[in-house]
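Some notes on the structure that comes next.
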Amino acid sequence: MTMKPPQRQIERAAFWLSLGIVVLLFIGMLWTEAPFETDEPLVAATITRVEHHGDRAIAYYEVRNRGERAASEVVVRVATPDGSQHVDQTIAHLPTGTVQEGVALLYGPSSHTRPVARILGYQIP
Amino acid sequence: MASTEQNELECLIRGLCGGFVFAIPVIYTMEVWWLGHATPAWKVALFVLLGLTLATGLNAVSGFREDAEPKEYLMDAITALGMGALVAWVMLWALGVVDWEAAPELVIRQVMVLSVPIAFGFSLARSLLGENHVEEEATALGADAQDLAMTVIGGIFVGLSLAPTEEILQVSLQAGWVRLAAVVGISIVLSHALIFLANFSGQTRRHRSAGMIQSPWGETFVCYVVSLAVAWGLLWFMGFVGTEAAPGEVLGMVVMLGLPVTIGGAAGRLLV
């Protein structure tokens, strides 16, 4: 089968653009393979439950390390979506394949919205 | 605007809409984003090439434009994949998963993994969005191949967002042999009911189809086995099954993931 692009202009443009994107992605992925050979921690935080009590929100979260290496001094930030309030907590040591649960308390009217959790940083022990 | 150009644009927009409709649950799944971190490049490449092959087949039975010729199926699949990659990047950026400072190697993998289900949606647009349900009778071999391909595609679609989650491992570890047997039974009965009892579209045509696996229970069992294979493949792709996993543990995960994959496969077969 010959790879003859469609004759119509918009389809032809979309085809060549797509072919370029796919080829670039493949080249990019192979080119950048090396950094992923090293074992790194893979740490992520998720809000699992939120309780609202008046102007307070109690946010339960968990932090997972799915990477191949332990992490230490993991700083988790639980915040309102607009960022007006936040609580930072630190997990001293998070071995690979483990989950650490935590609780954060947020005050004020904006705490009625669903808080978000994210990792601010970590160390490699 | 000339009508040909308008038609071309409509086809692309139809494909984009199909991509969103099909892939939006996957796009919103955190565990799928994480695949960009943990999956080796060769596995991602294999996944994309398999996706490209299946999307080419889908263009034969549905596609995003009505006047595609057989020689254009592969080119349309490349278009679907490329546009899918573009959509994947835009959505990952819009959801705040990636930004300009993100590591390029990570973004590339995340985009490539997500581009496959979006490309499926692109290639299924005409069937998904009801513009032109395929009514022609397939040949016996064609009907078998079509059913098996749609089982794989529907299974990948549903399984892709579930396979990377911890829940599959957790429920499989908790389940004993009795529960696993029950899940096998539920999977088979549900698949049969979805296709042959629930009177969804195309049921009469399915009863008429010729082919080796076109008897109701024959299709149900063969497609269940294929769904289990898809479940195993997805778990292998995510790194859950390998040399370290105990065979009983793997079997449990495959059976537990096999249920949603079977439902996805059955829904996929209904689409065409």
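Labels below follow one simple rule: chain letters A, B, ... track the order of the sequence lines, proteins then strands, and each chain is numbered from 1. Being a predicted model, the structure only gives us computed values, none of them experimental.
Per-residue heavy-atom pair counts under 4.5 Å with chain A were compared for B/Ala85, B/Ala45, B/Ser115, and the maximum is reached by B/Ala45. If you tally non-hydrogen atom pairs under 4.5 Å between each of A/Leu24, A/Val22, A/Val23 and chain B, the highest count goes to A/Val22.
The two residues A/Ser18 and B/Met83 come nearest to each other via the heavy atoms OG-CE, 3.3 Å. Residue B/Thr79 comes nearest to A/Phe15 through the heavy atom pair OG1-CA, 3.5 Å, listed as atom of the first residue, atom of the second, then distance.
B/Glu10 is linked by a salt bridge (Lys or Arg N to Asp or Glu O under 4.0 Å) to nothing, counting only residues two or more places apart in sequence or in another chain. Take B/Ile108 and apply the side-chain contact (heavy atoms from CB on, under 4.5 Å) test, not counting sequence neighbours, and it matches A/Leu25, A/Met29, B/Met112.
Summarising the local packing, CD of A/Glu101 is surrounded by 12 or fewer heavy atoms from other residues, nucleotides or ligands at distances under 6.0 Å.
Judged by distance alone, the side chain of B/Glu8 and the main-chain N or O of A/Glu11 form a donor-acceptor pair under 3.5 Å.
At a 4.5 Å heavy-atom cutoff, the contact between B/Leu12 and chain A is made by side-chain atoms alone. For B/Val107, no part lies under 4.5 angstrom from a heavy atom of chain A.
With values rounded to the nearest 0.5 angstrom, B/Leu86 atom CG is found 4.5 Å from A/Ile21 atom CD1.
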